[in-house]
Amino acid sequence: MSFALASAILRSIGPVARSHELCARGVSKRELARAHRSGEILKIRQGVYAALGTSDELIHAAEHGGSPGCVTAGRLHGLWMLDDDDCPQLHVWLGHAAQRHGCSRPDCATGMRVHWDDGRAGLGALPPVRNVLVQIAMCMGEEPFFIAFESALRQNKLRHSDPEWLRRRLPETMRWMIPFARADADSGLESLIRLRMYRVGVTMRSQVRIDGVGEVDFVVGDRLIVEADGKENHDDDRSRPGPFISRRHKDLVRDANAAALGYETLRFDYALIVHDWPTVEAAILAKVAAGAHLRGSLRPVAG
Ligand SMILES: [Zn+2]
Ligand SMILES: [Zn+2]
């Protein structure tokens, strides 16, 4: 009689599988019970098993009979999420055919968000990125959606037809963001700045190469540079060989070179952009109101 190890089969088809799927591949009921008893596999609920090392989000979603969804799945897909979008609780996708199971985690009942939108939620698998984006749009709103969408474009995680598929499923008020989104944002901070400034009537060119300066995040008008410094940008890397040059020093050199060419630079960090947006917006709007973005008597020197 053939004999298949439950842990090996789970690793090959899993990481989460139902007992009938394992049995169909030669795992006997006795072997399932033995593997569970000996700690080689995890039992999620009656008839559902997981391989050791399966992420807690996948296990928790499977306890409820679905897969991670929305921001939980977005994070697992590697899409950008601002910390403030974080919800400590699980966002789970049950799809159209699933029924919701309970779990025994004490902190779950109050905060779990359930998504029932169309599609088949597979145990142990993430929904396709395009489904995750619709879930984020409906659950978290415009900005988290836009950031995640630009991130998916940047990381090539969407098929050619997906933007149109998305556009048809978004609320009408959010559809304009599909053609507005770009695939070259370097971070969620950049997506957020461009979106918020567009809303107040300021158009920004992204990823602009300036001879003598390098590539800057944004240019407003002719000569106002706006840079978004991510969390990591000012973590000085002292592990590299050679003389130590701080990130801040490099930024100062860059800003000085830009100034010599007739540009002005506004530089904002994560804390300002995410936690003190009014200050950022006021600074950019004041410069624009004063005409600092327009080429005046101070002409940029061609590089
Ligand atoms: Zn959600
Ligand atoms: Zn739960």
Side-chain angles (χ1 to χ4, degrees), residues 14-18 41-152 155 157-158 162 165-175 177-178 181 188 191-192 195 274:
V16 178
R18 296 176 197 277
I41 62 173
L42 304 169
K43 186 174 182 177
I44 293 181
R45 57 186 161 83
Q46 192 59 39
V48 181
Y49 295 88
L52 294 184
T54 305
S55 81
D56 188 56
E57 291 92 341
L58 285 173
I59 289 177
H60 192 182
E63 287 172 19
H64 287 287
S67 63
C70 193
V71 288
T72 306
R75 210 164 260 121
L76 293 170
H77 270 303
L79 302 182
W80 297 323
M81 306 277 153
L82 297 177
D83 289 350
D84 281 7
D85 300 337
D86 192 17
C87 293
Q89 307 295 348
L90 180 77
H91 291 237
V92 63
W93 182 42
L94 297 181
H96 56 69
Q99 69 179 101
R100 177 180 171 178
H101 297 264
C103 83
S104 56
R105 302 182 187 219
D107 57 343
C108 178
T110 49
M112 187 182 70
R113 295 205 196 169
V114 181
H115 292 260
W116 295 98
D117 50 288
D118 209 15
R120 189 171 175 278
L123 294 183
L126 295 178
V129 169
R130 66 182 193 176
N131 294 67
V132 170
L133 289 169
V134 172
Q135 291 163 2
I136 292 174
M138 307 308 269
C139 177
M140 306 299 290
E142 220 171 82
E143 290 185 346
F145 164 76
F146 185 73
I147 290 167
F149 180 48
E150 285 210 329
S151 154
Q155 297 178 63
K157 288 181 183 283
L158 293 171
D162 284 347
W165 184 92
L166 274 168
R167 199 189 63 78
R168 281 188 269 115
R169 283 159 181 81
L170 288 179
E172 211 156 321
T173 54
M174 292 172 72
R175 290 183 183 165
M177 288 193 289
I178 298 295
S191 301
L192 197 57
L195 177 69
V274 172

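Counting starts at 1 for both ligands and their atoms, in listed order. These figures come from a predicted structure and were not determined experimentally.
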Next item on the list: Return yes if some donor-acceptor pair links the side-chain N/O of Trp93 with the main-chain N/O of Pro127 below 3.5 Å, else return no.
Entry: no
Notebook entry, point to check: Closest heavy-atom contact between His60 and Cys103?
Noted result: NE2-SG, 3.6 Å
Check: With a 4.0 Å cut-off, would you call Arg105 and Asp56 a salt bridge?
Finding: yes
Checklist line | Nearest non-hydrogen partners of Ala62 and Arg45, listed with the distance | finding: O-NE, 3.1 Å
Check: Atom CZ in Arg168, atom CD1 in Ile178: separation rounded to 0.5 Å?
Finding: 11.0 Å
Notebook entry, point to check: Has the side chain of His64 got a donor or acceptor atom that lies under 3.5 Å from a matching backbone atom of His101?
Noted result: yes
Note to self: Short of 2.8 Å from the Zn ion (ligand 2), name each protein N/O/S atom, waters not counted.
What the structure shows: His60 NE2, His64 NE2, Cys103 SG, Cys108 SG
Next item on the list: Give a yes or no answer on whether the side chain of Lys157 reaches the backbone of His77 with a donor-acceptor pair at less than 3.5 Å.
Entry: yes
Check: Which residues and atoms, protein N, O or S only, are under 2.8 Å from the Zn ion (ligand 1)?
Finding: Cys70 SG, His91 ND1, His115 NE2, Cys139 SG
Note to self: In the structure I gave you, are the side-chain heavy atoms of Met81 and Ile136 within less than 4.5 Å of one another anywhere?
What the structure shows: yes
Next item on the list: Let me see the working for Arg100 and Trp116 under side chain to side chain contact (heavy atoms under 4.5 Å, CB included), right down to the final yes or no.
Entry: CA-CA 10 Å; Arg100 177 180 171 178; Trp116 295 98; 3.9 Å; yes
